[in-house]
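Quick notes on the structure that follows.
The sequence lines fix the lettering, A, B, ..., with proteins before strands; numbering per chain opens at 1. In what follows, every heavy atom counts, from backbone to side chain, and hydrogens, waters and symmetry copies are set aside.
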2 protein chains.
Amino acid sequence: MLKTRLKEFRAKHNMSQETLARLVGVRRETIGHLERGNYNPSLKLAWDISKVFNVSIEEIFQYTEEE
Amino acid sequence: MLKTRLKEFRAKHNMSQETLARLVGVRRETIGHLERGNYNPSLKLAWDISKVFNVSIEEIFQYTEEE
DNA sequence: TATTTATGTTATATAATTCTAACAAGATGA
DNA sequence: TCATCTTGTTAGAATTATATAACATAAATA
């Protein structure tokens, strides 16, 4: 199961889904779905997002055994 | 552009594509395509592979601006 | 030599991500 | 109140990852 701290990072940076989406070249809805755990991103998207916040991928995304 | 050190890590661990594929639950061909840069993996696959080698995702996969 | 192992490669199918477009609603501020 | 911003949500299309099934070949090894 994918756990993401995306919303938390966005809040910390005072950044809207729309702004983040534009920065990484996807749609706002994609960010929203991601935050709500609707699907697992591509490595590229995860990479781009982590670069925006200047942290490692693992700091934002973690997989855990179910729950 | 995606650069991967997958083949290198496999060699270091003396592990075949087939074995790695089974460990992370994908097909051998998927590992092969990945090593040859045929496509970008899902975050889940990248995560699982990095766990096999006990390193961070970024140690195995890196995106660079073209080349 | 014969056989097994590892990898490359390709074509088609399936599943998942992402796009696109739309509507709704709460919060905020003029 | 009215307008704007932000997020939720949904349905269908488009794109991409991955599965599946073949066949080929080179290396290793019995």
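What separates CG of A:Asn14 from C1' of D:dC5 is a distance of 13 Å, to the nearest Å. Rounded to whole Å, atom P of D:dG8 lies 11 Å from atom CG of A:Leu6. A:Glu35 places its CD atom 12 Å from the P atom of D:dT9, with the value rounded to the nearest Å. Atom CZ of B:Arg22 is separated from atom P of C:dA6 by 10 Å (rounded to the nearest Å). Atom NZ of B:Lys7 is separated from atom C1' of C:dG8 by 9 Å (rounded to the nearest Å). Look at CD on A:Glu18: it is 11 Å from C1' on D:dT7, rounded to the nearest Å. Taking atom CD of B:Gln17 as the reference point, atom C1' of D:dT25 lies 14 Å away to the nearest angstrom.
Between the side chain of A:Gln62 and the backbone N or O of A:Thr4, no donor-acceptor pair lies under 3.5 Å. At least one donor-acceptor pair under 3.5 Å links the side chain of B:Arg5 to the backbone N or O of B:Glu59.
Of the residues listed (A:Leu34, A:Leu2, A:Leu45), the one engaging A:Asn40 in a side-chain contact (heavy atoms from CB on, under 4.5 Å) is A:Leu2, and it is the only one.
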Under a 4.0 Å heavy-atom criterion, the protein footprint on nucleotides 14-30 of chain C, written with B, S and -, is ---SBSBBB--------

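For the residue pair A:Glu35/A:Gln17, the side-chain donor-acceptor check at 3.5 Å is satisfied.
Within residues 47-61 of chain A, no residue has any heavy atom under 4.0 Å from DNA chain C.
Atom CZ of B:Arg36 has more than 12 neighbouring heavy atoms from other residues, nucleotides or ligands inside a 6.0 Å radius.
Once rounded to the nearest 0.5 Å, the distance linking NE2 of B:His13 with CG of B:Asn54 reads 8.5 Å.
Between A:Phe9 and A:Val55, some side-chain heavy-atom pair lies under the 4.5 Å cut-off.
Both cation-pi conditions hold for B:Lys44 and A:Tyr63: the charged atom is under 6.0 angstrom from the six-membered ring centre and inside a 45 degree cone around its axis.
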